[in-house]
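Reading through the structure tokens given below for one structure.
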Amino acid sequence: MTVRDDNTNNDTVLAAGCVLWRRSAVDGGLEICLVHRPKYDDWSHPKGKLKRGEDPLAGALREVQEETGHTCVPGATLPTVRYLANGRPKKVSYWAAEASGGSFTPNREVDRLLWLPPVAARNRLTQPRDRRLVDALLDALHMA
């Protein structure tokens with residue numbers, strides 16, 4: 001589905017997601033959630049396409065729930081990421097979000113989930129554009 005993006009002159013695929021984080025139960029350190037998508041064999045932040053008329057933040061929270069099994073509390077707005085996907089422009093809005101409960105069950109879209117410290121998360125992410133979101137999260141949490 002393509003949703004018209006009023007900020008562009010073309011039909012842009014609109015999506016939203018979160019950089020999901022929590023405090024480690026072991027040492028209290030920051031952990032970032034990454035998901036593995038078997039369709040693309042990549043590691044990324046939970047995200048997905050918006051439904052028609054869906055608010056981007058609502059879509060981001062829905063995608064986190066669907067892909068990770070976790071509920072979360074949204075925080076700071078993070079940078080919007082734009083790129084070409086299958087030859088079409090895509091715009092992904094992101095938020096920092098603290099995990100507040102739930103548990104992961106592998107599914108068709110996401111077969112693995114990892115909670116990693118920021119440096120390890122940055123290294124595991126497949127796309128450089130996703131790595132910049134780790135830095136944005138640290139800035140938003142005043143941990144840079």
Side-chain angles (χ1 to χ4, degrees), residues 1-8 12-86 88-144:
M1 173 187 69
T2 303
V3 178
R4 186 99 183 136
D5 179 3
D6 294 334
N7 296 323
T8 64
T12 298
V13 176
L14 299 179
C18 292
V19 179
L20 186 64
W21 65 274
R22 70 179 185 189
R23 292 288 176 184
S24 167
V26 176
D27 64 6
L30 183 71
E31 295 180 326
I32 297 172
C33 178
L34 301 184
V35 296
H36 181 264
R37 302 179 305 167
K39 178 178 179 180
Y40 303 104
D41 190 24
D42 70 351
W43 288 95
S44 67
H45 302 290
K47 67 178 180 303
K49 295 176 189 165
L50 296 178
K51 295 178 179 180
R52 185 172 304 283
E54 186 174 33
D55 174 75
L57 178 55
L61 299 177
R62 175 184 53 75
E63 286 292 339
V64 166
Q65 174 72 43
E66 288 177 4
E67 293 190 354
T68 71
H70 286 81
T71 56
C72 59
V73 178
T77 303
L78 298 178
T80 296
V81 177
R82 295 174 185 271
Y83 57 97
L84 285 178
N86 300 316
R88 296 178 54 205
K90 187 169 188 176
K91 175 184 170 186
V92 187
S93 302
Y94 282 98
W95 284 264
E98 184 175 8
S100 57
S103 62
F104 175 67
T105 302
N107 58 66
R108 189 175 57 78
E109 279 189 70
V110 175
D111 63 350
R112 290 184 279 165
L113 178 146
L114 290 174
W115 289 97
L116 297 170
V119 171
R122 190 181 295 109
N123 290 336
R124 180 65 64 112
L125 285 160
T126 302
Q127 295 295 330
R129 62 180 171 257
D130 291 336
R131 295 180 192 131
R132 291 188 289 271
L133 290 166
V134 172
D135 299 328
L137 172 69
L138 296 177
D139 286 345
L141 298 176
H142 308 292
M143 300 179 73

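- With sequence neighbours excluded, the residues that form a side chain to side chain contact (heavy atoms under 4.5 Å, CB included) with Pro74 are Leu57, Leu61.
- Atoms CD and CG, on Gln127 and Leu133 in that order, are 11.5 Å from each other to the nearest 0.5 Å.
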Working note: Arg122 + Asp135, criterion salt bridge (Lys or Arg N to Asp or Glu O under 4.0 Å); need CA distance, chi angles, decisive distance, verdict. CA-CA 9 Å; Arg122 190 181 295 109; Asp135 299 328; 2.5 Å; yes
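- Applying the side chain to side chain donor-acceptor pair (under 3.5 Å) test to Thr105 and every residue at least two apart in sequence or in another chain returns nothing.
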Take Val13 and Lys91 through the test side-chain contact (heavy atoms from CB on, under 4.5 Å) and record every step on the way to the result. CA-CA 6 Å; Val13 176; Lys91 175 184 170 186; over 6 Å; no
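- Residues Cys33 and Leu114 fail the side-chain proximity criterion, which asks for heavy atoms closer than 4.5 Å.
- No donor-acceptor pair closer than 3.5 Å links the side chain of Thr12 to the backbone N or O of Leu14.
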Might you work through the side-chain contact (heavy atoms from CB on, under 4.5 Å) test for Val35 and Ser44, ending with a clear yes or no? CA-CA 5 Å; Val35 296; Ser44 67; 3.9 Å; yes
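- For residues 21-44, the ring-ring contact (aromatic ring centres under 6.0 Å, His included) pairs, not counting sequence neighbours, are His36-Trp43.
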Test side-chain contact (heavy atoms from CB on, under 4.5 Å) on Thr126 and Arg131 and set out the steps. CA-CA 8 Å; Thr126 302; Arg131 295 180 192 131; 5.8 Å; no
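- A 4.5 Å side-chain heavy-atom check between Leu20 and Ile32 finds every atom pair outside the cut-off.
- In terms of heavy atoms, His45 sits closest to Cys18 at CB-O, 3.5 Å.
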Tell me which donor-acceptor pairs under 3.5 Å the side chains of residues 92-99 have, and how far apart each pair is, sequence neighbours excluded?
from, atom 1, to, atom 2, distance (Å)
Trp95, NE1, Thr77, OG1, 3.3

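- Shown here for Leu78 and Ala140, the closest heavy-atom pair between the two residues is CD2-CB, 4.2 Å.
- Residues Asn107 and Asp111 form no side-chain contact, since every pair of their non-hydrogen atoms from C-beta on lies 4.5 Å or further apart.
- Annotation: side-chain hydrogen bond (donor to acceptor under 3.5 Å, both in side chains) contacts involving residues 59-70, sequence neighbours excluded, comprise Glu54-Arg62, Arg62-Glu66.
- Annotation: the span from Asp139 atom CG to Met143 atom CE amounts to 11.5 Å, rounded to 0.5 Å.
- Judged as a salt bridge (Lys or Arg N to Asp or Glu O under 4.0 Å), the pairs with a partner in residues 12-40 (not counting sequence neighbours) are, in order, Arg22-Glu31, Arg37-Asp42.
- Contact record, Ala16 with Leu50: CB-CD2, 3.8 Å, taken as the closest heavy-atom pair.
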Take Val64 and Lys47 through the side-chain contact (heavy atoms from CB on, under 4.5 Å) test and state the conclusion after the steps. CA-CA 7 Å; Val64 166; Lys47 67 178 180 303; over 6 Å; no
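- Between Leu84 and Pro89 the shortest side-chain heavy-atom distance falls below 4.5 Å.
- Judged purely by atom type and a 3.5 angstrom limit, Arg124 has no side-chain atom pairing as donor or acceptor with the backbone of Leu34.
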